[in-house]
Amino acid sequence: MYFIEQASPHEVAKAFGFTPRAVTSLVSDFKKALQQDQADDSLFFIRKKKGRPVSKSQPAMVQRVVAFRKKNHSVEDIKISLDAMGEPISERSIQNILKAEGFAR
């Protein structure tokens with residue numbers, strides 16, 4: 001509407017439920033992406049990945065959980081130890097890691 005119909009930011013904002021500032025911000029981001037040759041499908045269509053994002057520290061966390069389990073620590077003990085180390089993790093996450101690594105409940 002802004003580019004094709006030459007509508008003002010106020011008109012676009014009113015038509016689509018945005019604030020005029022949001023429209024100008026979107027236009028600015030769009031123009032910037034065009035100038036940087038980033039005008040691919042992701043500019044118009046956002047592809048969402050299903051599920052939770054994978055944590056970057058996950059491999060290290062898996063190693064720590066497995067190391068504690070090999071010392072016969074319970075899930076609760078592992079959680080307490082990791083919390084004390086400043087690496088909070090839920091008991092459910094610990095259970096999932098142990099299950100994926102082949103440990104018995």
Side-chain angles (χ1 to χ4, degrees):
M1 187 173 175
Y2 180 85
F3 290 103
I4 303 299
E5 298 175 11
Q6 303 297 315
S8 71
H10 291 282
E11 293 170 324
V12 175
K14 187 176 180 182
F16 295 100
F18 288 103
T19 63
R21 177 66 189 124
V23 172
T24 56
S25 179
L26 289 169
V27 168
S28 174
D29 292 345
F30 182 73
K31 286 180 180 180
K32 184 178 178 182
L34 288 177
Q35 289 173 349
Q36 295 176 353
D37 284 334
Q38 295 175 347
D40 56 5
D41 285 346
S42 66
L43 192 59
F44 299 100
F45 305 102
I46 299 173
R47 293 187 182 138
K48 295 185 178 183
K49 294 181 181 178
K50 293 183 179 181
R52 286 186 168 177
V54 177
S55 173
K56 291 180 182 176
S57 63
Q58 188 174 3
M61 183 65 76
V62 169
Q63 290 175 350
R64 288 185 192 96
V65 169
V66 168
F68 280 117
R69 184 52 149 206
K70 285 182 178 179
K71 294 178 184 176
N72 293 322
H73 290 291
S74 68
V75 171
E76 294 82 14
D77 292 338
I78 295 171
K79 177 173 177 28
I80 290 169
S81 298
L82 290 173
D83 285 347
M85 294 170 62
E87 298 184 37
I89 185 172
S90 70
E91 289 183 10
R92 185 71 183 151
S93 294
I94 294 170
Q95 290 171 350
N96 290 340
I97 290 170
L98 293 174
K99 183 177 179 182
E101 294 296 315
F103 287 91
R105 189 168 166 99

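One-based numbering along the sequence shown. These values consider heavy atoms only, across backbone and side chains, with no hydrogens, waters or symmetry-generated copies.
The list of ring-ring contact (aromatic ring centres under 6.0 Å, His included) pairs with a residue in residues 63-82, not counting sequence neighbours, reads Phe68-His73.
The cluster map of Ile, Leu, Val, Met, Phe, Trp and Tyr, joined by side-chain heavy atoms under 4.5 Å apart, puts Ile80 and Leu98 in different clusters. Val62 and Ile94 fall within a single hydrophobic cluster, where Ile, Leu, Val, Met, Phe, Trp and Tyr are joined by side-chain heavy atoms under 4.5 Å apart, directly or via other members.
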Counting only pairs under 3.5 Å, give me each side-chain donor-acceptor contact of residues 5-13, with atom names and distances, residues two or more places apart or in other chains.
residue : atom : partner : partner atom : Å
Gln6    : NE2  : Phe3    : O            : 2.7
Ser8    : OG   : His10   : N            : 3.4
Ser8    : OG   : Glu11   : N            : 3.2
Glu11   : OE1  : Ser8    : N            : 2.8

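Here the side chains of Ile89 and Ile78 are not in contact, with every heavy-atom distance at 4.5 Å or above.
Under the rule for a side-chain contact (heavy atoms from CB on, under 4.5 Å), the partners of Ala22 that lie at least two apart in sequence or sit in another chain are Phe18, Thr19. For Asp77, the salt bridge (charged side-chain N to carboxylate O under 4.0 Å, His left out) test picks out no residue, with sequence neighbours left out. When the side-chain contact (heavy atoms from CB on, under 4.5 Å) test is applied to Ser90, the partners found at least two apart in sequence or on another chain are Arg92, Ser93. In this structure, the side-chain contact (heavy atoms from CB on, under 4.5 Å) partners of Lys70, at least two apart in sequence or on a different chain, are Val66, Phe103. Under the side-chain contact (heavy atoms from CB on, under 4.5 Å) criterion, Glu87 pairs with Met61, Arg64, Met85, sequence neighbours left out.
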- Task: I would like to know whether Thr24 and Arg21 meet side-chain contact (heavy atoms from CB on, under 4.5 Å); could you show each step before the answer?
- Result: CA-CA 5 Å; Thr24 56; Arg21 177 66 189 124; 3.0 Å; yes
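Annotation for Arg69 and Ala104: closest pair NH2-O, 3.1 Å, computed over non-hydrogen atoms.
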